[in-house]
There are 2 protein chains.
Amino acid sequence: MASALGEGSLSRVERKERTRRAILDTALDLSADTSLVAVSLRQVAKEVGIVPTAFYRHFASIEALGLELVDESFVSLRAVLRDVRRPEPSLKQLIDASVDVLAEHVEVRRAHFGFIARERVAGPPAVREAVRHQIELVERELATDIARIPGTEAWSSDDLRVLSKLMVTSMVATAEALILAGRPEVTTDIKDQARTQLRMVLVGALNWKSQG
Amino acid sequence: MASALGEGSLSRVERKERTRRAILDTALDLSADTSLVAVSLRQVAKEVGIVPTAFYRHFASIEALGLELVDESFVSLRAVLRDVRRPEPSLKQLIDASVDVLAEHVEVRRAHFGFIARERVAGPPAVREAVRHQIELVERELATDIARIPGTEAWSSDDLRVLSKLMVTSMVATAEALILAGRPEVTTDIKDQARTQLRMVLVGALNWKSQG
DNA sequence: ACACTGAGAGTACAGACGTACACCGAACCC
DNA sequence: GGGTTCGGTGTACGTCTGTACTCTCAGTGT
């Protein structure tokens with residue numbers, strides 16, 4: 001319950017934006033313990049504190065709302081990932097920095113990551129597709145990052161693809177683990193495991209190539 | 001539609017079992033394009049060709065039905081995995097055999113694997129928990145398998161855990177990819193990638209340990 | 001000052017939902 | 001042969017769903 005859209009004299013666009021945000025946040029919250037497909041327009045409206053039909057002033061459907069959530073989730077994630085590779089990195093730096101940044105980002109945007117993890121496999125079809133597409137973009141970006149690192153020039157593009165896929169898969173799994181972990185020191189355990197996994201993969205990729 | 005439970009004079013328990021299977025299969029089918037949380041008791045009943053209230057003669061709820069599906073999915077998977085390690089294996093054999101067996105199993109039980117992939121993150125809470133538990137068991141079994149392989153005696157149990165987690169994560173991702181792949185030669189690509197990934201991981205784990 | 005725009009309210013409806021209850025009739029056991 | 005068991009039926013309920021329609025009225029541009 002508790003709409004509390006707040007009062008005070010705001011401009012019309014401000015009011016609309018505020019309601020829109022409330023809808024997005026509420027949908028994120030309501031989908032958290034199953035999936036967006038189990039969230040109804042009416043639930044969202046009631047929680048936000050508007051009448052059901054007012055929902056349509058902002059989104060054509062729950063599915064459209066979901067696509068918006070996918071976008072805003074990845075926009076912020078990819079911005080952060082871009083920061084990771086600002087300095088031209090060594091591989092070790094890339095790993096440590098990536099894990100830290102991922103963990104930090106998951107912490108502060110837990111809801112968005114949970115959303116992505118769920119809807120990736122269980123959302124409305126269009127939402128599912130959007131998530132997969134975004135993840136593929138991240139994979140591609142990672143591949144070009146790796147390619148720019150000294151010592152990897154000789155790798156085939158296939159190998160790069162496979163490696164970056166594996167790393168992203170591992171990071172997604174790490175994010176899932178971080179999400180469902182309670183707050184405590186479990187988090188640092190998971191981060192340690194993630195670093196170890198990525199290092200294993202990395203060492204493997206290097207030696208695997210050099211020994212044909 | 002199309003119940004077609006068939007006729008002929010069957011015993012009462014046979015009839016009951018037949019209906020029960022139809023319910024399980026129908027639920028599996030209906031959940032395939034979102035999640036079990038979006039499947040209603042009435043949908044299932046209508047598809048099976050029974051009246052809604054008759055559902056209760058077999059399951060207390062959709063959630064209980066889901067737990068049953070989790071069980072039967074993993075029973076068959078773990079039976080197959082047990083076969084993989086029948087011969088005392090080398091690591092390379094373990095990888096190749098595992099990938100082949102996984103792919104084969106995914107092919108023939110596509111619906112069950114899809115179900116697990118989805119409900120793992122987006123199912124009813126109890127179902128989600130059951131899937132996670134089963135996956136953890138598989139991780140543990142894999143860890144003890146690896147520990148029995150010559151050359152891995154010196155590894156710490158932590159390293160074993162991390163490695164098997166990584167391998168299982170990779171295999172789950174592979175299964176997901178296989179499921180949503182169309183039939184064609186994409187499948188063999190995915191299998192190749194999976195083998196490469198596992199080899200990378202493997203080589204990495206070996207060299208990583210030896211070089212402290 | 002005034003007409004306009006548009007977010008939200010209010011009402012309404014047909015359909016789907018889970019579930020309670022009484023009932024049936026064929027397979028079952030003695 | 002006669003009573004019992006039990007899978008499946010039929011009806012009925014209150015609730016929730018998406019969406020169509022009309023209405024209100026405060027912020028806006030002229």
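Here is the naming used below: chain letters follow the sequence lines, and residue numbers restart at 1 for every chain.
Remark: P of C:dA16 and CG of B:Leu30 are 15 Å apart, rounded to the nearest angstrom. Distance B:Ile50 CD1 to D:dC6 C1': 14 Å, rounded to the nearest Å. The nearest whole Å value for the distance from the CD1 atom in A:Ile23 to the P atom in C:dA7 is 11 Å. Computed from coordinates, the B:His58 NE2 to D:dG8 C1' distance equals 8 Å when rounded to whole Å. Going from atom CZ of A:Arg18 over to atom P of C:dG8 covers 11 Å, rounded to whole Å. Rounded to whole Å, atom P of D:dG8 lies 13 Å from atom CD of B:Glu14. Atom-to-atom, CD of A:Glu47 to P of D:dC16 comes out at 14 Å; the value is rounded to the nearest Å. In this structure, A:Glu63 places its CD atom 15 Å from C1' of D:dG18, rounding to the nearest Å.
Checking D:dT17, C:dA9, C:dC17 against the side-chain heavy atoms of A:Ala54 singles out C:dA9 as nearest.
A side-chain N or O of A:Ser170 and one of A:Gln197 form a donor-acceptor pair less than 3.5 Å apart.
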For B:Asp100 and B:Arg195: C-alpha separation, side-chain torsions, deciding distance, then whether side-chain contact (heavy atoms from CB on, under 4.5 Å) applies. CA-CA 9 Å; B:Asp100 283 342; B:Arg195 270 188 284 267; 3.2 Å; yes

For A:Asp71 and A:Gln134, run side-chain contact (heavy atoms from CB on, under 4.5 Å): C-alpha distance rounded to whole Å, both residues' side-chain angles, the deciding distance at 0.1 Å, then the answer. CA-CA 9 Å; A:Asp71 273 359; A:Gln134 291 290 335; 4.2 Å; yes

What do the steps show when you test B:Phe59 against B:Arg20 for side-chain contact (heavy atoms from CB on, under 4.5 Å), and what is the final call? CA-CA 9 Å; B:Phe59 302 99; B:Arg20 184 187 150 88; 3.6 Å; yes

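When the options A:Arg78, A:Arg109, A:Arg21 are evaluated for a salt bridge (charged side-chain N to carboxylate O under 4.0 Å, His left out) with A:Glu72, the one that passes is A:Arg21.
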How does each nucleotide of nucleotides 19-30 of chain C score, in 5' to 3' order, for protein heavy atoms under 4.0 Å: base (B), sugar-phosphate only (S), or none (-)? BBB----BBS--

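In this structure, A:Thr19 and A:Arg57 have side chains that are not in contact, with every pair of non-hydrogen atoms separated by 4.5 Å or more.
Contact annotation: A:Ser40 reaches the phosphate of D:dT17 (side-chain N/O to OP1 or OP2, under 4.0 Å).
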